[in-house]
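Encoded as structure tokens, the structure appears first; notes follow it.
Chain letters run A, B, ... following the sequence lines, proteins first and then strands; every chain starts at 1. Here the structure is a predicted model, which is why all the values come from computation and not from measurement. Every heavy atom of this structure was used, including side-chain atoms; hydrogens, water molecules and symmetry mates were not.
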Protein chains: 2
Amino acid sequence: MAHLTSRVEYGIHCLLWLVGAGEQQPSSRDLAELQGISPSFLAKIFPRLEKAGIVAAVPGLRGGYRLARPAAQITVLDIVDAIEGDKPLFECQEIRTRCALFDDPPPRWASRGTCAIHATMQRAERAMRDALAAETLADLARALERKAPADFGASVERWLGERASSRRGSAR
Amino acid sequence: MAHLTSRVEYGIHCLLWLVGAGEQQPSSRDLAELQGISPSFLAKIFPRLEKAGIVAAVPGLRGGYRLARPAAQITVLDIVDAIEGDKPLFECQEIRTRCALFDDPPPRWASRGTCAIHATMQRAERAMRDALAAETLADLARALERKAPADFGASVERWLGERASSRRGSAR
DNA sequence: TCAAACGCGGACTAATATAGTCCGCGTTAT
DNA sequence: ATAACGCGGACTATATTAGTCCGCGTTTGA
Ligand code: FES
Ligand code: FES
């Protein structure tokens with residue numbers, strides 16, 4: 001299990017479909033079936049994106065999700081934080097205070113400030129977060145669009161549209 | 001549970017004691033009791049550092065560990081990789097190939113190269129690793145030494161020396 | 001010579017996190 | 001009224017982490 005979990009992969013891929021979805025507001029089930037992933041699992045990811053203000057939810061029949069702001073104003077870090085919460089790269093156990101030579105309580109100098117090791121880990125985490133903050137959803141969408149055939153985006157939009165109208169139809 | 005686990009914290013703190021241990025070669029049990037952590041657990045960490053060529057092991061009674069090369073030539077990244085193995089920050093599930101619009105097998109363009117999302121995560125991981133590689137054990141040792149009282153290093157060395165000689169004594 | 005302490009490795013356990021399912025609630029369009 | 005929607009909580013299975021325990025072969029001081 002990695003630090004950036006599959007929830008993040010699912011979440012970002014979904015958001016990329018929303019970038020190209022035009023005026024539609026696909027449901028989380030639509031997005032799950034479009035990508036062949038578990039609808040129930042995806043349904044646990046989207047409320048987090050909504051609470052973080054990345055997507056806006058439309059309740060009720062014909063409801064779904066749309067981006068809450070332009071893709072160029074959503075960084076990858078925003079998404080990761082929304083989905084993963086504030087999960088540190090390293091959790092210091094403060095073992096520096098447990099030296100056998102210390103009395104109880106340990107001397108003040110032993111726990112003053114941040115441990116040098118901990119500080120190094122925090123710098124590494126910051127470097128990682130900076131790299132994630134440097135890229136936006138719009139950047140990713142451009143990169144993916146360059147790869148797909150010219151008519152692919154339109155095909156997906158059509159597929160989503162058909163699903164949206166079939167909601168009424170299947171209700172007979 | 002964080003990506004950089006407590007094994008790393010234990011390992012690096014131990015190595016820092018080795019930097020200041022002079023000519024001694026403390027055992028993993030010595031180092032565990034010096035820091036109030038589990039001897040059995042620490043005994044599972046050191047073989048990894050040894051196989052990575054960071055420490056050298058001396059077997060037999062009176063055996064123990066010493067640094068295999070100067071502290072200035074051991075980066076924090078070396079230690080993390082030795083202890084954690086090659087654990088990626090992000091594991092791509094290749095969901096891009098599972099689009100419902102694809103036939104089976106999916107078109108070649110869908111899986112060509114690295115997914116843009118995956119590439120972003122790899123850049124973030126690289127930034128993290130670069131930050132860890134920028135700091136050596138010697139840097140950390142200097143930072144810690146500045147904090148402790150002037151005679152603390154000598155006290156620890158004495159404590160380790162007493163333990164080393166009591167090994168024979170306790171055998172009666 | 002022989003026991004004690006060492007490093008090493010494997011089997012084991014407990015607690016936690018991830019991935020995923022299932023169900024019920026209130027809302028909304030047909 | 002009903003069916004699909006978002007939301008939330010309870011639940012399960014599996015993997016990882018943290019930690020224990022035991023046995024093997026080596027070294028060395030009594
Ligand atoms: S005490 Fe936690 S990293 Fe040093
Ligand atoms: S397919 Fe794995 S990140 Fe895009």
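One hydrophobic cluster holds both A:L101 and B:L18 under the rule that ILVMFWY side chains link at heavy-atom gaps under 4.5 Å.
Going from atom CD of B:E91 over to atom P of D:dA15 covers 12 Å, rounded to whole Å. Between the CZ atom of A:R163 and the P atom of D:dA4 there is a distance of 11 Å, rounded to whole Å. Summarising the geometry, the separation between CD on A:Q25 and P on C:dT28 is reported as 13 Å, rounded to the nearest angstrom. Separating the NE2 atom of B:H3 from the P atom of C:dA17 is a distance of 16 Å, rounded to the nearest angstrom. Here C:dT18 presents its P atom at 13 Å from CG of B:L89, a figure rounded to the nearest Å. Atom pair A:I83:CD1 and C:dA17:C1' shows a separation of 17 Å (rounding to whole Å applied). One atom, CZ of B:F41, and another, P of C:dA14, lie 17 Å apart when rounded to the nearest Å. Atom CD in B:Q24 sits about 16 Å away from atom C1' in C:dC6, given to the nearest Å.
Using a 4.5 Å heavy-atom cutoff, the side chains of A:L4 and B:H3 are not in contact. Side-chain contact check for A:E135 versus A:L140: some heavy-atom pair is nearer than 4.5 Å.
A:S28 has no side-chain polar atom (N or O) that falls below the 4.0 Å cut-off from OP1 or OP2 of D:dC5. OP1 or OP2 of D:dC21 has not a single side-chain nitrogen or oxygen of B:S40 nearer than 4.0 Å. Dashed line: the shortest gap from a side-chain N or O of A:S38 to OP1 or OP2 of C:dT21 is under 4.0 Å. Distances shorter than 4.0 Å separate none of the side-chain N or O atoms of B:Y65 from OP1 or OP2 on C:dC6. Under 4.0 angstrom from either OP1 or OP2 of D:dC21 there lies no side-chain N or O belonging to B:K44.
The side chain of B:R7 has D:dT17 as its nearest neighbour among D:dT17, C:dG7, D:dG29. The side chain of B:S27 sits closest to C:dG7 out of C:dT30, D:dT17, C:dG7. Here D:dG19 is the nucleotide among D:dG8, D:dG19, C:dG20 with the atom lying nearest to any side-chain atom of B:Y10.
In B:R69, the CZ atom is crowded: over 12 heavy atoms of neighbouring residues, nucleotides or ligands sit closer than 6.0 Å.
Comparing A:P59 and A:K87 by the nucleotide of DNA chain C whose heavy atom lies nearest to each, the residue mapping closer to the 5' end is A:K87. Both B:F46 and B:Q93 lie near DNA chain C, and the one whose nearest nucleotide falls closer to the 5' end is B:F46.
By the 30° and 60° cut-offs, the orientation of the rings of B:F46 relative to B:Y65 is parallel.
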